[in-house]
Amino acid sequence: MDMLSDAGINTCDTAEDFTWLFTVVKGNNERLRTYFKTATYNTTGDYKTTFFVNGLRAIITTWLDNDCTDSVEQMNEIVMREYKKFFEE
């Protein structure tokens, strides 16, 4: 997690959206590319959260592999759409 903190990802403020996350990732594209490709996240045993977090990692990895061609706003829309389905039932 030190690499994420060094890149400015030290908060999980998803109250509004995920724009902050995609902005930081895009600004640290090369630095975080390997991290997101190899990282997996385990949560406290909550399958739903574990599934979502690892899905978010996969979305970020794909976005990086595509050289961040989609805008931060487009990526946020994709994640927020899924987040709402998943957590706001």
Query raised in the report: With distance as the sole test, does N66 use its side chain to make a donor-acceptor pair with the main-chain N or O of T62 at under 3.5 Å?
Result: yes
Query raised in the report: Side chains of R81 and E77: closer than 4.5 Å at any heavy-atom pair?
Result: no
Query raised in the report: Rounded to the nearest 0.5 Å, what separation is found between the CE atom of M75 and the OG1 atom of T19?
Result: 11.0 Å
Requested in this report: Take N76 and Y83 through the test side chain to side chain contact (heavy atoms under 4.5 Å, CB included) and record every step on the way to the result.
Outcome: CA-CA 10 Å; N76 182 62; Y83 181 86; over 6 Å; no
Report task. State, to 0.1 Å, how close I59 and F22 come at their nearest heavy-atom pair, and which atoms those are. Result -> CG2-CZ, 4.3 Å
Requested in this report: Measure the OG1-CG distance between T61 and L32 for me, rounded to the nearest 0.5 Å.
Outcome: 10.0 Å
Query raised in the report: Using 30° and 60° as the class limits, which term best fits the ring planes of F18 and F52: parallel, tilted or perpendicular?
Result: tilted
Query raised in the report: Can you check whether L21 reaches L56 side chain to side chain, under 4.5 Å on heavy atoms?
Result: yes
